[in-house]
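These numbers come from the heavy atoms of this one structure, side chains and all, not from hydrogens, waters or symmetry mates.
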Amino acid sequence: MTADRLYLYGIVTSPPTDLGTGIDDMSLHAIAGPQDLAAVVHEHDGGPYQGADADVERWVVEHSAVVERVWRTGGTVLPASFNVIIAPTAQTTAQRRLQEWLEDHAEPLRARLAALTGRVELRVEIALDHHRAAEQHPDVVAARAELEDRPPGVQRLLRKRLDHLERDITEAVARDRDTDYRRRLEAISDELAENRRPRPDPGTALVLSVSLLVLADAVQDVGLVLTAVQDEEPAARIRFLGPWPPYSFADLPGQDPPEAGSTGRTSG
C-alpha cells in the first residue's frame with residue numbers, strides 16, 4: 001500500500017535538522033508551514049495503531065520519545081496526542097491538507113508556542129494517609145480505646161468501623177487542604193490543569209492531582225512548596241514528576257488535524 005497519510009507528532013518552530021526516527025523506526029521529516037511553523041511527521045499507510053496492549057504501550061513510548069527529543073533539541077513543541085493521522089481527501093493530499101491547516105491556524109499556533117517557550121510540565125499529586133491524618137482526632141482516639149480488652153470477634157467489627165471513621169475524617173481534611181495547596185501551586189505556575197486519571201495509593205485520600213506549566217527555572221520553587229507541605233503535614237503522600245514537554249497544555253486549534261486527546265481516530 002502506498003503511504004498516502006501522515007502521522008503527526010507535534011508542531012514546532014525551527015525543527016532540528018536531524019529528526020531521527022519515530023514509531024517502528026519510521027523516518028521523520030518536517031512539513032513546513034507559514035514562516036517558521038512546521039509539523040513533525042512520518043509517512044503512514046494504514047489506520048490508527050492498535051493491537052495487543054504490549055504493542056500499544058511500545059508505540060506510545062516511541063511517540064513520546066520523539067516529542068521529548070524534539071522538545072529537548074528544538075526548544076518548544078506543541079505535542080499531538082498518540083494516533084493523530086492526517087488522511088488525504090479526493091481534492092488534496094495529506095501533506096497539502098496539513099499545510100493548509102498550519103496556514104489557517106498560524107496565529108493561534110504561534111501564540112501558543114510563544115506561551116510555552118522556556119516552560120515545562122510538572123505533575124503533582126498530593127494525598128493523605130488515612131491512619132496518620134486521622135490518628136489525633138478525638139473520635140479516632142476514643143474508637144481505639146474502645147478496642148482494648150474486647151473479644152477478637154468484636155475487635156474485628158470495631159476495626160472495620162475505625163477504618164471507615166479514619167477514611168471519612170481524612171477525606172474531609174483532604175477537601176479542606178485542597179484550596180490552600182492549590183493556591184500555593186497556582187502562585188508559582190503559569191497554568192494549572194487537572195489530571196484526568198489520578199492514581200492515589202490505597203489507604204489514602206486524594207487532595208489534588210494536577211499538571212503545572214512553569215518556567216524551567218521555577219522547577220525548584222515547586223519542590224520547595226511541596227517540601228513545605230510535607231513538613232507541615234506528615235500524613236501527606238506526594239508525587240512530583242517531570243519536567244516533561246507540555247502535553248497537558250498543547251491545545252491544538254481546529255478540528256483538522258484532530259485536537260490533542262483524539263487517540264485512536266484518523267483525520268478524514
Side-chain angles (χ1 to χ4, degrees), residues 1-12 15-16 18-31 33 37-74 77-102 104-105 109 112 116 121 123 125 193-200 209-211 239 241-242 244-268:
M1 181 184 294
T2 302
D4 60 350
R5 302 182 176 205
L6 295 171
Y7 180 95
L8 179 65
Y9 291 89
I11 310 301
V12 298
D18 183 10
L19 289 167
T21 59
I23 292 174
D24 289 341
D25 292 324
M26 293 296 295
S27 179
L28 303 178
H29 64 282
I31 300 294
L37 286 177
V40 176
V41 302
H42 75 239
E43 293 183 352
H44 189 68
D45 62 3
Y49 288 99
Q50 53 192 357
D53 289 347
D55 289 331
V56 173
E57 182 177 351
R58 172 174 57 82
W59 292 326
V60 169
V61 169
E62 291 173 348
H63 173 105
S64 299
V66 171
V67 173
E68 183 158 351
R69 186 170 70 245
V70 172
W71 174 64
R72 292 192 181 281
T73 58
V77 59
L78 278 175
S81 62
F82 174 64
N83 256 346
V84 174
I85 298 165
I86 314 303
T89 67
Q91 294 76 33
T92 188
T93 64
Q95 176 169 326
R96 184 56 195 153
R97 189 177 176 191
L98 181 53
Q99 288 174 318
E100 289 173 351
W101 179 81
L102 290 170
D104 291 344
H105 299 90
L109 285 170
R112 195 63 189 144
L116 298 178
E121 177 172 337
R123 296 189 187 177
E125 185 168 284
E194 300 294 328
N195 290 333
R196 291 177 292 178
R197 293 184 293 273
R199 289 180 288 186
S209 180
V210 295
S211 290
R239 287 196 180 99
L241 305 174
W244 295 321
Y247 292 102
S248 300
F249 306 94
D251 297 336
L252 294 181
Q255 298 297 317
D256 179 20
E259 56 271 76
S262 59
T263 301
R265 284 167 41 191
T266 303
S267 175

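The line from NE2 of H42 to CG of L8 is 10.5 Å long, rounded to the nearest 0.5 Å. Atom OG1 in T92 sits 10.5 Å away from atom CG in L98 (nearest 0.5 Å). How far CD1 of I11 is from CG of L102: 5.0 Å, rounded to the nearest 0.5 Å. A distance of 5.5 Å separates CG in N83 from OH in Y7, rounded to the nearest 0.5 Å. In this structure, CD on E68 lies 10.5 Å from OG1 on T73, to the nearest 0.5 angstrom.
Minimum interatomic distance between A94 and R5 (heavy atoms only, all atoms of both residues): CB-CA, 4.1 Å. Contact record, A250 with P79: CB-O, 3.4 Å, taken as the closest heavy-atom pair. Of all heavy-atom pairs between G22 and V66, the closest is CA-CG2, 3.6 Å.
Contact annotation: the side chain of W71 approaches that of P246 to within less than 4.5 Å [non-hydrogen atoms, C-beta and beyond]. The side-chain heavy atoms of E62 and T21, taken from C-beta on, include no pair separated by under 4.5 Å. Annotation: side chain of L78 is not in contact with side chain of F249 (no heavy-atom distance under 4.5 Å). Put simply, the side chain of V41 reaches to within 4.5 Å of the side chain of H29, judged on heavy atoms. Side-chain contact between R97 and P88 is absent, with no heavy atoms from C-beta onward closer than 4.5 Å. In this structure, the side chains of S211 and Y247 stay at 4.5 Å or more apart for every pair of heavy atoms.
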Please step through side chain to side chain contact (heavy atoms under 4.5 Å, CB included) for the pair S209 and R239, ending with a clear verdict.
CA-CA 9 Å; S209 180; R239 287 196 180 99; over 6 Å; no
Given side chain to side chain contact (heavy atoms under 4.5 Å, CB included), test R58 with D24 step by step and report yes or no.
CA-CA 9 Å; R58 172 174 57 82; D24 289 341; 2.7 Å; yes
Verify side chain to side chain contact (heavy atoms under 4.5 Å, CB included) between V56 and D53, making sure each step is shown before the conclusion.
CA-CA 5 Å; V56 173; D53 289 347; 5.6 Å; no
Stepwise, does the side chain to side chain contact (heavy atoms under 4.5 Å, CB included) test hold for Y9 with I23?
CA-CA 10 Å; Y9 291 89; I23 292 174; 3.6 Å; yes
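With sequence neighbours excluded, no residue forms a side-chain hydrogen bond (donor to acceptor under 3.5 Å, both in side chains) with D55. Remark: R112 engages E191 in a side-chain hydrogen bond (donor to acceptor under 3.5 Å, both in side chains) (not counting sequence neighbours). Not a single ring-ring contact (aromatic ring centres under 6.0 Å, His included) links W244 to another residue, sequence neighbours left out. E57 pairs by the side-chain hydrogen bond (donor to acceptor under 3.5 Å, both in side chains) definition with nothing, not counting sequence neighbours. Remark: V61 engages no residue in a side chain to side chain contact (heavy atoms under 4.5 Å, CB included) (not counting sequence neighbours). Annotation: side-chain hydrogen bond (donor to acceptor under 3.5 Å, both in side chains) contacts of E43 (sequence neighbours excluded): none.
A donor-acceptor pair under 3.5 Å links the side-chain atoms of R69 to the main chain of L19, judged by distance alone.
Aromatic ring orientation, Y49 versus H44: tilted (interplanar angle from 30° to 60°).
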